[in-house]
Amino acid sequence: MGGRIPREFIDNLVQRVDIVDVINARVALKKAGANYMACCPFHSEKTPSFTVSPSKQFYHCFGCGAHGTAISFLMNYERLEFIDAVKELAREAGVELPRESHTPRQDGVDPAALYELLERCAVYYKRQLREHPERKRAVDYFKGRGVSGTIAAEFELGYAPEGWDHLAAALGRDTHTTQLLVQAGMWILREGKGGYDRFRERVMFPIRDYRGRVVGFGGRVLDDSTPKYLNSPETPVFHKGQELYGLYQARRALNPLPRVLIVEGYMDVVALHQHDVRYAVATLGTAMTPHHLERVLRYCRDVVFCFDGDRAGRQAAWRALENALPYGRDGVRFSFVFLPEGEDPDSLVRRIGATAFNALVDKATPLSTFFFENLSLEADIRSMDGQARMVERARPLLAKLPEGALRLMMLERLAEWVKLDAHVLMPHLAAPATVRHPKPAARSMRGAHHVASPVRRLIALLLQQPALAQQVAQPERFGALSEPGVRLLQQLLEFLNNKPHITLAGILEHWRGSEDYAHLLRIVEEDVLLPAAGLETEFQASVRRLEAWLIEQQVEQLLSKSRYSRLDEQEMVRLKDLLHRQHEQGVLSVEEPTSSKNAYN
């Protein structure tokens, strides 16, 4: 089946299945009041902390923080990608997937045709390594690097012979094939007429995605010419910032993956796998990205970054650390291996062997240790100025960490480094930047004090009890508020008004893939599986607060206008009405500046 599964089908599927049945088929659940309990399948524990809610169709582990829907469970437990999890869920529910056509997209790109073409390219390059008259150079290169025939076959290593159009001649010169070769980045068009093969006189490394589809290639020269390595360009099916070389092979060799070692080069991965270090993968000439981390953490929770021990290597490691911090939730382990000078993973594993190399990885530097050691190099913590500098440097970085034990311990460790009492330091660093919700800039009520955003609270309550949306009339009126999250709140209210009986799981799956999905998940984490008692009262109070904010903002806008121009009759009536409503609600109104009084005359 090609293309995307319709959103409506996924929404209906999530409403149809029972998460208890899905999980109980894999993990033995026991009834515990309104919910079900078990020992968490995602981390080791003796006392059950894994809870499944039938009413919300949602699971949550109070030990490691794992949580999600039936689809999320299949993705994490069975190591499936989203599409594959939906297919499996549909199979178990006895629901037939909708038939989708294989027609090309409107931009003229047919991904299925590109995957098929790239597979043919991989077969062609493999054949050249076995049969081409000039293959000896490529074979000698691989033998010189210690690559065995078995591992070369597993990674489907190949050879692009010298010449300008061997690939095109082998695959076909018709218009359709030429167009696909261009779209796949394998054929470069000349400005005038014709074109030429992108890869020439190089040993070839096919790049397979997590599903095993060839999406691109890496090629290395056989001499000292440049560029030494050449990757496929960005195409509709290949994005360097998302793919990891060797991940497909690592998953096939080890299921589940105990950990992932992230290195820098194709040959590093090939050599490590040959020496039975089967958990090695590589970025494709780019720094580690959030997309890479999200991909890896779907299969394991122990990630080791491998870098050179020189200054450049440590700088690269620090960039990786900064990208890793937002994913440092409980149960996830990040660490760093720094290689001896002059060594790379390929040369080191061949010199010391797999046992010693694995021991080196076992002793990798934890993220927390590298974090504080690196920060201490930038500031002289023997002085107060240096300590203050370290705190300010750490503040935005620690704010990236999600709530949990790691974040708490990192904050306590920072207090130890700068020789401050943790209770003194932590209030200044405790709230992560991603969950701070300031009041609108226009607010100036006398006696106002900091309170949690009612917008965020309303979203949290709606996620727990979707039927509450029926109590809010005309949600579009809140669109005038300059408050973070208002747009999402409006969308959520409108969606739930049409589907008041939807579950929490249904809401999350409807928003999966959107820019708001991560925000919804963070909100769920804070108030997971709350009891229904008292939610309606709190919801109504939060709506009243939001309405009061809306009135106050409108009042301030009219007062602001009155300071430089006269309000017309309709605006005066509007202002008086708002002030009256403000008084009825018992809201402290803004103080009217004396300069605006002439506007009422």
Side-chain angles (χ1 to χ4, degrees), residues 109 113-145 147 149 151-209 213-240 243 245-246 264-271 282-286 346:
V109 175
L114 289 182
Y115 291 130
E116 181 182 356
L117 175 89
L118 288 163
E119 188 69 44
R120 292 172 61 197
C121 292
V123 171
Y124 166 79
Y125 290 133
K126 283 191 296 180
R127 190 168 64 248
Q128 302 315 299
L129 186 62
R130 295 193 307 267
E131 302 174 359
H132 195 275
E134 301 297 328
R135 70 187 183 92
K136 187 177 184 303
R137 290 190 64 203
V139 172
D140 288 347
Y141 171 80
F142 284 129
K143 287 184 176 179
R145 298 293 297 265
V147 178
I151 206 72
E154 179 180 339
F155 279 83
E156 303 168 282
L157 304 181
Y159 172 53
E162 183 180 6
W164 293 96
D165 60 354
H166 291 306
L167 180 64
L171 269 61
R173 297 182 183 277
D174 59 281
T175 303
H176 177 65
T177 303
T178 301
Q179 182 182 24
L180 288 174
L181 284 168
V182 172
Q183 291 174 342
M186 306 302 292
W187 180 258
I188 300 175
L189 291 175
R190 299 181 187 273
E191 291 186 7
K193 187 179 180 180
Y196 55 93
D197 293 340
R198 178 178 296 274
F199 296 99
R200 306 176 307 280
E201 201 173 3
R202 291 174 181 267
V203 288
M204 300 297 292
F205 302 84
I207 302 164
R208 292 189 178 272
D209 67 6
R213 301 172 299 192
V214 178
V215 293
F217 292 88
R220 190 198 189 283
V221 294
L222 295 168
D223 52 25
D224 295 327
S225 59
T226 56
K228 180 184 293 186
Y229 280 97
L230 180 66
N231 289 321
S232 291
E234 295 283 312
T235 73
V237 299
F238 178 58
H239 306 284
K240 286 183 287 188
E243 302 298 340
Y245 181 69
E264 295 184 280
Y266 297 104
M267 281 305 304
D268 293 326
V269 171
V270 172
T283 56
L284 303 173
T286 64
D346 176 9

Novice: Could you tell me which residues satisfy salt bridge (Lys or Arg N to Asp or Glu O under 4.0 Å) with D346, sequence neighbours excluded, listed by chain and number?
Specialist: R145, R350
Novice: Roughly how far, to the nearest 0.5 Å, is the CG atom of L284 from the CZ atom of F238?
Specialist: 5.0 Å
Novice: Can you list everything that forms a salt bridge (Lys or Arg N to Asp or Glu O under 4.0 Å) with E201? Sequence neighbours excluded, please.
Specialist: R137
Novice: Within this structure, what is the OH-CG distance for the pair Y124 and L171, rounded to the nearest 0.5 Å?
Specialist: 8.5 Å
Novice: Classify the ring geometry of F205 against Y229: parallel below 30°, tilted from 30° to 60°, perpendicular beyond 60°.
Specialist: tilted
Novice: Going by the rule side-chain contact (heavy atoms from CB on, under 4.5 Å), which residues pair with S225 if we only count those two or more places apart in sequence or in a different chain?
Specialist: V221, D223
Novice: Given side chains that start at C-beta, do those of I151 and V270 come closer than 4.5 Å, heavy atoms only?
Specialist: yes
Novice: Could you check if a side-chain atom of P236 sits within less than 4.5 angstrom of a side-chain atom of L114, using non-hydrogen atoms only?
Specialist: yes
Novice: Under the side-chain contact (heavy atoms from CB on, under 4.5 Å) test, which residues partner E234, sequence neighbours left out?
Specialist: H239, K240
Novice: Look only at the side chain of D174 and the backbone of T177, and say whether a donor-acceptor pair between them is shorter than 3.5 Å.
Specialist: yes
Novice: Atom SG of C121 and atom CG of L181: how far apart are they, to the nearest 0.5 Å?
Specialist: 6.0 Å
Novice: Are side-chain heavy atoms of R213 and L118 found at a separation under 4.5 Å?
Specialist: no
Novice: Taking only Lys NZ, Arg NE, NH1 and NH2, and the carboxylate oxygens of Asp or Glu, determine whether K126 and E131 approach each other closer than 4.0 Å.
Specialist: no
Novice: To the nearest 0.5 Å, how far apart are CG in L117 and CD in Q183?
Specialist: 9.5 Å
Novice: Considering non-hydrogen atoms only, spot the tightest contact between V269 and A282 and give its length.
Specialist: CG2-CB, 3.4 Å
Novice: Are any of the side-chain heavy atoms of Q128 and P161 separated by less than 4.5 Å?
Specialist: yes
Novice: Starting from the C-alpha separation in whole Å, work towards a yes-or-no answer on side-chain contact (heavy atoms from CB on, under 4.5 Å) for V147 and M267.
Specialist: CA-CA 9 Å; V147 178; M267 281 305 304; 3.5 Å; yes
Novice: Donor-acceptor check, side chain of D197 to backbone of G163, threshold 3.5 angstrom: yes or no?
Specialist: no
Novice: Grab the two heavy atoms, one from A122 and one from V214, that are nearest each other, plus how far apart they are.
Specialist: CB-CG2, 4.2 Å
Novice: Test of understanding: with ring pair (Phe, Tyr, Trp, His ring centres under 6.0 Å), list the residues that count as partners of Y245, not counting sequence neighbours.
Specialist: F155, Y266
Novice: List the atom of L180, the atom of A113, and the distance in Å for their closest heavy-atom pair.
Specialist: CD2-CB, 3.9 Å
Novice: Quick one: ring pair (Phe, Tyr, Trp, His ring centres under 6.0 Å) partners of H132, sequence neighbours excluded?
Specialist: Y159
Novice: Working to the nearest 0.5 Å, report the span between CD1 of I188 and CZ of F199.
Specialist: 8.5 Å
Novice: Looking only at atom types and distance, does a side-chain atom of R202 sit under 3.5 Å from a main-chain N or O of K228, one as donor and one as acceptor?
Specialist: yes
Novice: Is L129 close to M204 at the side-chain level, that is, under 4.5 Å between some pair of heavy atoms?
Specialist: no
Novice: Quick one: are D165 and W187 in side-chain contact, heavy atoms under 4.5 Å?
Specialist: yes
Novice: Rounded to the nearest 0.5 Å, what's the gap from CD on E243 to CD1 on I207? Could you check?
Specialist: 8.0 Å
